[in-house]
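Written out below as structure tokens is the structure these notes cover.
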Protein chains: 4
Amino acid sequence: MENSKENKFERILNAAIKVIGNKGFHSAKVKDIAELADVADGTIYNYFQNKEDILVTIFKIKLEEYVLNAKREIINIKDPAEKLKVLIKYHIKIMTDNPDLAKVLQIELRQPHIELRSKIRKNLRSYFKVIEEVIEEGKEKGILSKNLNVYLAREMFFGTLDELVSTWVFTGMARDLNDYIDEIYDMLLKAFK
Amino acid sequence: MENSKENKFERILNAAIKVIGNKGFHSAKVKDIAELADVADGTIYNYFQNKEDILVTIFKIKLEEYVLNAKREIINIKDPAEKLKVLIKYHIKIMTDNPDLAKVLQIELRQPHIELRSKIRKNLRSYFKVIEEVIEEGKEKGILSKNLNVYLAREMFFGTLDELVSTWVFTGMARDLNDYIDEIYDMLLKAFK
Amino acid sequence: MENSKENKFERILNAAIKVIGNKGFHSAKVKDIAELADVADGTIYNYFQNKEDILVTIFKIKLEEYVLNAKREIINIKDPAEKLKVLIKYHIKIMTDNPDLAKVLQIELRQPHIELRSKIRKNLRSYFKVIEEVIEEGKEKGILSKNLNVYLAREMFFGTLDELVSTWVFTGMARDLNDYIDEIYDMLLKAFK
Amino acid sequence: MENSKENKFERILNAAIKVIGNKGFHSAKVKDIAELADVADGTIYNYFQNKEDILVTIFKIKLEEYVLNAKREIINIKDPAEKLKVLIKYHIKIMTDNPDLAKVLQIELRQPHIELRSKIRKNLRSYFKVIEEVIEEGKEKGILSKNLNVYLAREMFFGTLDELVSTWVFTGMARDLNDYIDEIYDMLLKAFK
DNA sequence: AATGAATGAGCGTTCATTCAT
DNA sequence: CATGAATGAACGCTCATTCAT
């Protein structure tokens with residue numbers, strides 16, 4: 001019974017995250033994903049339209065889930081600065097807890113194939129929106145500078161975290177990113193004040 | 001005709017930047033590069049070991065040149081803060097002046113293929129070193145915070161610029177990044193103080 | 001509901017004629033036939049051994065029916081010439097009344113797969129026999145030439161009608177083949193006299 | 001030197017005629033054609049756009065050649081009836097001399113794939129035109145009936161020959177079609193008078 | 001009988017690289 | 001050095017058929 005349909009979809013998705021994370025989308029073979037998921041090649045096409053659809057679905061599901069939970073994390077917090085800290089923590093936690101997913105995100109957000117990349121990055125926007133709303137709120141409450149360019153602040157916020165995770169991923173996940181949370185927070189807050 | 005060999009190497013390299021920038025390394029066909037460089041397919045193999053070598057060589061030559069010139073730009077400047085500003089300007093200038101190269105750098109630094117990526121990113125280290133040395137100097141001269149984590153500061157510095165260029169590249173180079181230089185500089189300086 | 005089984009066999013067969021007629025045997029997908037017949041894919045295999053068997057069965061049933069009715073049409077006619085005319089009329093009537101079946105017959109009688117083709121064409125022989133018997137009768141009754149080669153006459157008879165229907169099918173069933181009946185009859189009769 | 005480019009094109013084309021003639025277009029594997037032509041799979045794609053293009057090229061080249069030669073055969077003949085006879089002879093000669101090509105023509109002119117078929121049959125029109133012009137000439141010279149429907153006459157002419165060749169091909173090329181030339185000619189001429 | 005999810009063999013095509021000229 | 005025809009391994013996807021329910 002554990003081979004239920006629901007299960008198979010999850011199994012394929014998780015296998016795909018592993019394989020794509022390690023080889024990159026293009027070098028990931030459908031056959032490898034199928035093998036790891038313990039299904040036949042053809043079975044994948046009962047759950048996904050094609051190989052691209054697997055990658056797009058990963059981003060859709062995982063980023064939606066990410067944004068949903070990120071919102072939950074900050075919903076009861078009053079202080080926008082504290083919200084930013086939680087967003088930093090959450091970003092780093094999710095990535096370090098899911099290294100395979102982290103690899104996929106780091107690599108494929110810069111997918112060379114333009115249409116595929118645009119399908120993928122679409123799902124990033126709502127995350128950007130969350131960050132920007134918190135920054136906006138900070139400005140309104142007088143905690144962040146009134147002259148702060150929200151777009152630039154978000155680029156700095158995301159760019160910094162993204163680069164940290166990127167380095168972490170590409171150096172074999174050696175460091176513990178949690179050690180940096182306080183310092184990152186302090187630097188970003190100063191930048192935004 | 002006496003510059004034919006030199007010429008051909010350059011022509012192939014520049015053609016490769018264009019083609020790889022527009023299609024990504026994997027989708028770029030050797031034949032396309034050869035055509036654009038106006039040489040035969042086989043000729044490319046007189047100048048490069050293989051397709052990977054072309055990409056690696058682009059990074060080697062272009063990043064070495066970048067670092068050399070970046071150093072020249074700041075060598076006569078005393079104020080570390082001013083040096084940072086010049087580095088920001090220079091980063092943005094080079095990228096916006098060479099959109100094809102910018103695309104290659106943005107996309108291929110996150111090359112999925114692990115060994116290829118590591119060959120590519122090796123060339124990034126000396127750029128990182130330049131940034132870190134300026135930050136270090138700023139700390140020593142009391143302009144930047146004594147407690148500043150240089151590694152994190154460099155990640156923030158590069159991460160922010162990289163994300164800005166990335167967005168610029170992926171949105172069809174619509175904005176003028178030069179408009180942001182002052183604000184970026186202010187934010188980074190505050191973060192580092 | 002009591003005619004469900006009978007019904008299903010018929011439904012599958014008719015769906016198959018439609019789908020095969022429009023796509024050709026090879027491109028016709030079992031799934032498409034099942035969908036059009038409103039049964040599950042697997043159900044088809046309760047009524048037919050495999051995909052080939054569907055095609056063979058179409059020819060068996062439809063050609064048997066054709067020959068049976070063709071015989072009925074001419075059984076009470078005395079004049080062999082008149083019989084030929086009725087056969088022409090009937091051939092054209094059946095084809096134009098059942099364009100999907102016509103397409104299947106036109107195309108699949110020249111099925112490239114040798115064994116499948118031979119199974120299919122076996123069912124054609126009794127039609128050929130009907131034609132040849134009428135021609136033979138015409139010779140015996142002195143209406144057709146005593147020197148007429150019956151085999152060749154039948155080839156001409158069938159070949160002409162087959163080519164006409166073929167053109168009709170391949171040109172989107174534009175013309176009205178009934179307009180040609182008298183002329184065809186006159187030409188064939190002159191040829192056979 | 002016999003492996004010249006010209007040679008390879010011919011070799012592939014002839015191999016394709018053999019393989020497609022025996023298996024049908026769809027079941028013919030590109031690999032089989034390559035093997036028979038003694039080239040690598042990929043080499044085929046230096047001479048043809050794709051598999052379809054091979055079939056279309058066969059028809060284009062062979063039918064053009066056929067029509068050209070058929071015209072040559074009749075150009076110096078005055079009597080339209082005699083021309084018809086030569087056309088019959090030539091049709092049967094070409095087919096019986098090239099059984100593999102004959103198979104391809106017989107089978108693939110009724111290609112189920114609509115667009116492919118239309119590309120193929122386009123090449124048939126100029127043959128039809130030759131036949132129709134001779135029939136027209138026969139009418140004008142008073143040798144054939146003034147009331148003869150040229151379209152129908154051509155359908156009968158081609159349909160008869162096509163059916164004869166079809167039967168010949170599908171029965172393992174047992175008979176000698178040359179034996180029938182005089183009788184066919186007599187019957188067709190009577191039909192057209 | 002009916003279902004439809006699962007299977008996996010099979011194939012057209014691409015393209016980096018080679019090498020005879 | 002330069003050429004470009006030739007090579008052939010590699011892979012995403014399809015679909016007839018099976019079989020547990």
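Protein chains get the first letters and strands the later ones, always in sequence-line order, with residue 1 at the start of each.
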task = Would you mind reading off the distance between D:Phe25 atom CZ and E:dC11 atom P, rounded to a whole angstrom?
result = 14 Å
message = The criterion is side chain to side chain contact (heavy atoms under 4.5 Å, CB included); which residues satisfy it with C:Leu36, sequence neighbours excluded?
response = C:Ala15, C:Lys18, C:Val19
ask   = Rounded to the nearest Å, what distance is computed from the CD1 atom of residue A:Ile44 to the C1' atom of nucleotide F:dT14?
value = 14 Å
remark   = Result for 5'-nearest mapping on DNA chain F, choosing between C:Lys51 and D:Asp38, is D:Asp38
Check: protein-nucleotides 8-10 of chain E nitrogen or oxygen pairs below 3.5 Å:
from, atom 1, to, atom 2, distance (Å)
E:dG8, N7, A:Gly42, N, 3.3

key: Value in whole Å for how far the C1' atom of E:dA16 lies from CD1 of B:Ile12   = 15 Å
request  = Choose from E:dG12, F:dA6, F:dA2 the nucleotide whose nearest atom is closest to any side-chain atom of D:Lys8.
outcome  = F:dA6
ask   = Measuring from C:Arg117:CZ to C:Leu109:CG, what's the distance to the nearest 0.5 Å?
value = 10.5 Å
inquiry  = So for the helix from E:dA2-F:dT21 to E:dT21-F:dA2, with five pairs setting each end axis, what is the inter-axis angle to 10°?
reply    = 10°
key: Length of the line joining C:Tyr47:OH and E:dA1:C1', which is rounded to integer Å   = 7 Å
Under 3.5 Å, which donor-acceptor pairs link side chains of residues 99-106 of chain C to any protein atom two or more places apart or in another chain?
from, atom 1, to, atom 2, distance (Å)
C:Lys103, NZ, C:Asn22, OD1, 2.9
C:Gln106, OE1, D:Arg110, NH1, 3.1
C:Gln106, NE2, C:Asp162, OD1, 3.2

Distance-only donor-acceptor pairs under 3.5 Å for side chains of residues 27-35 of chain D, two or more places apart:
from, atom 1, to, atom 2, distance (Å)
D:Lys29, NZ, D:Ser27, O, 3.3
D:Lys31, NZ, D:Asp41, OD2, 3.2

key: Value in whole Å for how far the C1' atom of E:dC15 lies from CG of B:Asn50   = 14 Å
key: Residues forming a side chain to side chain donor-acceptor pair (under 3.5 Å) with D:Glu65, sequence neighbours excluded   = none
task = Let me know the distance between NE2 of A:His26 and P of E:dA16, rounded to the nearest Å.
result = 10 Å
ask   = When all nucleic acid strands are considered with a 4.0 Å heavy-atom cut-off, which category describes B:Ala28: base, sugar-phosphate, or nothing?
value = sugar-phosphate
note = Here the gap from B:Glu108 atom CD to B:Phe59 atom CZ, rounded to the nearest 0.5 Å, amounts to 6.5 Å
query = Excluding sequence neighbours, so at least two apart, what forms side chain to side chain donor-acceptor pair (under 3.5 Å) with B:Lys62?
reply = none
request  = Write down the distance between CZ (B:Phe48) and C1' (E:dA16), rounded to a whole number of angstrom.
outcome  = 15 Å
note = Distance col, row A:Tyr47:OH vs A:Asp53:CG, nearest 0.5 angstrom, shows 14.0 Å
remark   = Hits for ring-ring contact (aromatic ring centres under 6.0 Å, His included) against D:Tyr66, two or more places apart or cross-chain, chain-then-number order -> D:Tyr90, D:Tyr127
query = Who pairs with D:His26 by side chain to side chain contact (heavy atoms under 4.5 Å, CB included), at least two apart in sequence or on another chain?
reply = C:His26
query = Heavy-atom contacts under 4.0 Å between residues 109-118 of chain B and DNA chain F, which residues?
reply = none
Nearest-neighbour nucleotide for the D:Tyr45 side chain, E:dT13, F:dT17, F:dG12 considered = E:dT13
ask   = More 5' along DNA chain E: D:Ser27 or B:Val30, using each one's nearest nucleotide?
value = D:Ser27
Set of side chain to side chain contact (heavy atoms under 4.5 Å, CB included) partners for C:Leu13, sequence neighbours left out = C:Phe9, C:Phe48, C:Thr57, C:Ile58, C:Ile61
remark   = Separation of F:dA16 atom P from C:Glu35 atom CD, nearest Å, is 12 Å
query = Can you list the residues that meet the salt bridge (Lys or Arg N to Asp or Glu O under 4.0 Å) rule with A:Glu64, with sequence neighbours excluded?
reply = A:Lys60
note = From the candidates E:dT13, F:dG12, E:dA5, the one with an atom nearest any side-chain atom of A:Asn46 is E:dA5
